[in-house]
Every structure is written in C-alpha cells, then in structure tokens.
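Beneath this line is the structure, given in structure tokens, with notes to follow.
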Amino acid sequence: MSFKRRKIAVIGAGFTGTTAALMLAQKDLGDIVIVDIPSQTNPTKGKALDMLEAGPVQRFNAKISGTSSYEDIQDADLVLITAGLPRKPGMSRDDLVATNEKIMTDVSENIKKYAPNSYIIVLSNPVDAMTYVCYKTTGFPKNRVIGQSGVLDTARFNTFVAQELNVSVEDVTGFVLGGHGDDMVPLVRYSYAGGIPLEKILPQERIDAIVERTRKGGGEIVNLLGQGSAYYAPAAAMVQMAEAILMDKKRILPSIAYLEGEYGYNNVYLGVPTVLGGKGIESVIEISLTGEEKSNLDKSVQSVKKVLEMLKVGSG
Ligand SMILES: NC(=O)c1ccc[n+]([C@@H]2O[C@H](COP(=O)([O-])OP(=O)(O)OC[C@H]3O[C@@H](n4cnc5c(N)ncnc54)[C@H](O)[C@@H]3O)[C@@H](O)[C@H]2O)c1
Ligand SMILES: O=C(O)C[C@H](O)C(=O)O
C-alpha cells in the first residue's frame with residue numbers, strides 16, 4: 001500500500017479560481033491543476049508557475065500546474081468550479097444565467113468524463129442554479145455536488161457585526177439561509193457574539209442595517225471594483241468547504257444543497273446548514289423557523305426557482 005497526495009482541480013483561472021488555488025496550496029491540501037480555456041499565450045500555465053514558485057518562500061509542497069486540457073484533471077478528488085462570467089455594476093447575478101449555463105454544462109460534462117468520482121464545489125453565478133445544472137449534467141449523487149454561498153454571506157454578516165461592536169470576528173457567529181441573492185435570509189435569532197444573542201447587544205435598527213448590507217454585500221463589492229466581483233472572501237469560503245471535505249472535518253457549514261423535502265422544498269438547490277465531511281454533504285440540518293423566517297425563506301426559494309425555469313437543462 002502507498003499513500004497519495006490529493007488531486008484538486010480548479011476550473012477557471014480568473015480571480016476567484018487563482019486566489020482559491022493559492023489558498024489551497026498555502027494549506028497544503030493537495031496538488032492543484034488549474035484549467036481555463038485555451039488562449040494564444042499561456043496565462044493559465046503562467047499563473048500556475050508563478051504560484052508554484054511561491055512554495056519555497058511560503059514552505060508549501062503542493063505541485064501546481066495550469067492547462068487548457070481537461071484530460072489533466074483525470075481522477076481529481078475534488079473540483080472547484082469558478083468558470084463563468086462575473087456580473088458588472090447594474091446587473092444581477094441572475095443576468096448571467098444563459099452564458100454561464102453553457103459554460104457550466106461544458107465544464108460538468110468534462111468532469112463527468114475525467115473525474116467521475118470527484119466531489120464538486122460550485123461557485124459560478126447564479127450559483128444556486130449553476131449548482132443545479134452541474135448536478136443534472138454530471139448525474140453525480142447529491143452529496144458530491146455542493147454550492148458555495150452561505151460561508152461567504154455569513155462571513156460578510158460576521159464582519160459587519162464585529163465592526164459594529166468593535167469586537168473580534170472570531171467571536172461572532174452569524175447564520176444565513178436561502179438563495180445567494182438579495183433576498184437571502186440572515187437569521188438574527190441564531191446569531192451570536194461571544195455566545196450572547198445578537199438581539200441582546202445590538203439595537204434593532206443596527207441589526208436591520210447589517211442584515212440589509214449583508215444581502216447586498218456582493219453588489220457593494222461589484223460597485224466598488226467597477227469591473228469584476230469579489231474574490232478574496234469567496235475563495236476563502238470555498239477553501240474552508242474544501243478543507244472540511246478533504247480532512248473529513250464534519251464541520252457544520254452552510255452549503256447549497258439539493259433538497260428533497262427538507263424545509264418543505266423539493267428539487268431545488270438552496271443554502272442550508274449542512275454537515276460537511278469526507279462524504280461531502282453528510283446531512284442537512286433542519287432548524288425550526290418562525291412564520292416570518294419561513295415566509296422570507298419561501299420568497300428566496302421562489303427567486304431561485306424563477307431562475308431554474310430559465311435553464312436549458314430544465315427544472316423538472
Ligand atoms: N457563489 C459565490 O459566492 C461567488 C462569489 C464570487 C464570484 N462568483 C462567481 O464566480 C464566477 C467567476 O468569478 P471570477 O471573479 O473568478 O471571474 P473571472 O472572469 O476572473 O474568471 C472566470 C474565468 O472562467 C474562465 N472560463 C470561461 N469559460 C470557461 C470554460 N468553459 N472552461 C474553463 N474556464 C472558463 C474565464 O476564461 C475566466 O478566466 C462568476 O460567475 C462570479 O459571479 C460567485
Ligand atoms: O456579487 C457577485 O456577483 C459575486 C458574488 O456572488 C458575491 O456575492 O460576491
């Protein structure tokens with residue numbers, strides 16, 4: 001018997017993909033293959049080589065390569081999908097659906113062909129729908145096709161709470177449910193600072209402002225950047241999920257999971273609390289919701305379903 005390093009494929013060598021690849025390498029979670037479409041020069045290979053050369057300084061051993069050939073992801077254990085267009089100021093994530101569905105279909109077919117046993121984390125937007133496309137196209141079991149939104153949305157919520165209270169981000173635990181859109185559902189009732197319910201230490205109007213800023217958090221960055229969208233925090237979020245899976249940590253993290261009756265919804269990918277471990281999504285945790293929370297979640301699900309209806313892959 002011999003042990004092998006994990007193989008992680010990152011599809012898309014743009015801002016989120018390359019940032020995630022470097023973070024994966026810094027944590028030495030495995031060897032990394034970065035894939036992007038062919039181009040006249042070879043930027044994907046160049047980015048990978050540049051990252052590899054950071055290894056001696058940062059003391060990581062990860063092998064990192066760049067390619068435009070999907071054969072190179074052969075037998076990857078984990079695949080992060082970041083391929084696709086980001087939105088521009090004035091656009092919603094849903095405006096990307098037609099273009100990114102084509103890209104997601106192509107990427108998913110290649111993963112199915114070359115890495116049929118892999119676990120997948122999808123980032124490309126609109127991410128609830130793109131995770132659905134990936135699930136339908138690969139035909140992989142639902143525990144192996146996972147979307148990222150809640151770790152990022154919760155990180156934003158926690159950042160704003162920590163800023164407001166002038167306390168460490170390490171002591172803030174927020175909780176965001178629902179689709180990755182402006183009607184996502186930050187659950188204040190399940191959010192704490194140092195174990196103290198948020199409602200006990202912040203006035204309601206400050207909480208309301210934080211909830212609103214969290215919902216629009218992606219758009220805030222898009223407007224500030226002027227071109228492209230957020231990538232440091234999204235990459236960190238994907239890598240936290242990747243680590244939970246690769247290290248079988250069984251962390252309770254929000255993931256975009258395929259629901260079959262949980263929370264009363266069917267045939268939809270949605271952000272919910274999950275246990276993430278060596279089997280991917282090992283379970284969906286169901287918590288009780290008040291009438292208002294449930295109706296906010298219903299609204300968010302309706303928005304996700306509207307996008308699913310636009311998909312070529314079908315929503316049935
Ligand atoms: N779910 C989230 O929380 C979240 C967060 C941030 C970004 N995103 C989304 O992630 C996606 C990527 O964002 P980004 O900032 O990295 O964009 P980017 O433009 O920097 O990179 C995207 C890359 O995908 C590549 N690509 C396009 N088609 C491809 C294909 N068929 N195969 C392989 N690569 C292909 C492009 O060449 C480009 O390099 C966007 O859709 C963005 O909206 C989602
Ligand atoms: O807002 C976007 O378009 C990118 C991403 O979904 C984010 O929340 O930062």
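Atoms within each ligand, like the ligands themselves, are counted from 1 in listed order.
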| Would you say Leu96 and ligand 1 have an N/O pair spaced under 3.5 Å apart? | no

| Which atoms of ligand 1 are found less than 4.0 Å from any heavy atom of Asn100? | 41 (O)

| remark: Of all protein heavy atoms, the one nearest atom 44 (C) of ligand 1 is Leu123 O, 2.9 Å

| query | Is there side-chain contact between Ile245 and Ile121, with heavy atoms separated by less than 4.5 Å? | reply | yes

| Hey, does the side chain of Ser168 reach the backbone of Glu170 with a donor-acceptor pair shorter than 3.5 angstrom? | yes

| request: May I ask you to say whether Arg206 pairs ionically with Glu164, meaning some side-chain N is under 4.0 Å from a carboxylate O? | output: yes

| task | Just need the protein heavy atom nearest to atom 26 (N) of ligand 1, so name the residue and atom and give the distance. | result | Asp36 OD1, 3.7 Å

| remark: atom 35 (C) of ligand 1: closest protein heavy atom, distance to 0.1 Å, is Ala83 CB, 3.5 Å

| query | Got an N/O contact under 3.5 Å between Ser149 and ligand 1? | reply | no

| field | Nearest-neighbour protein heavy atom for atom 43 (O) of ligand 1, which is reported as residue plus atom name and distance | value | Asn125 ND2, 2.9 Å

| query | Any heavy atom of Tyr70 sitting closer than 4.0 Å to ligand 1? | reply | yes

| field | Sole residue of Val122, Thr131, Asn125, Ile256 in side chain to side chain contact (heavy atoms under 4.5 Å, CB included) with Ser149 | value | Ile256

| task | Output the list of atoms in ligand 1 that are nearer than 4.0 Å to some heavy atom of Pro234, sorted by atom number. | result | 5 (C), 6 (C)

Distances only, to 0.1 Å: what are the N or O pairs between ligand 2 and the protein that fall under 3.5 Å?
from     : atom 1 : to     : atom 2 : distance (Å)
ligand 2 : 1 (O)  : Arg87  : NE     : 3.2
ligand 2 : 1 (O)  : Arg87  : NH2    : 2.7
ligand 2 : 1 (O)  : Arg93  : NH2    : 3.3
ligand 2 : 3 (O)  : Arg87  : NE     : 2.6
ligand 2 : 6 (O)  : Arg93  : NE     : 2.8
ligand 2 : 6 (O)  : Asn125 : ND2    : 2.9
ligand 2 : 6 (O)  : His180 : NE2    : 2.6
ligand 2 : 8 (O)  : Arg93  : NH2    : 2.8
ligand 2 : 8 (O)  : Arg156 : NH1    : 2.8
ligand 2 : 8 (O)  : His180 : NE2    : 3.1
ligand 2 : 9 (O)  : Arg156 : NH1    : 3.4
ligand 2 : 9 (O)  : Arg156 : NH2    : 2.7

| said: With the threshold set at under 4.0 angstrom, would you say Gly228 reaches ligand 1 through any of its heavy atoms? | reply: no

| Got an N/O contact under 3.5 Å between Thr16 and ligand 1? | yes

| said: For residues 263-295, which residue pairs pass the ring-ring contact (aromatic ring centres under 6.0 Å, His included) check, not counting sequence neighbours? | reply: Tyr135-Tyr269, Tyr258-Tyr269

| said: For atom 20 (O) of ligand 1, what is the closest protein heavy atom, and at what distance to 0.1 Å? | reply: Phe15 N, 2.8 Å

| said: With a 6.0 Å cut-off (strictly less than), is the heavy-atom count around CD of Glu292, excluding the residue itself, greater than 12? | reply: no

| task | Taking only Lys NZ, Arg NE, NH1 and NH2, and the carboxylate oxygens of Asp or Glu, determine whether Arg215 and Glu212 approach each other closer than 4.0 Å. | result | yes

| remark: Judged by heavy atoms only, the candidate from Gln148, Lys102, Gln227 nearest atom 3 (O) of ligand 1 is Gln148

| query | Any idea which protein heavy atom is nearest atom 22 (C) of ligand 1, and the distance to it? | reply | Gly84 O, 3.3 Å

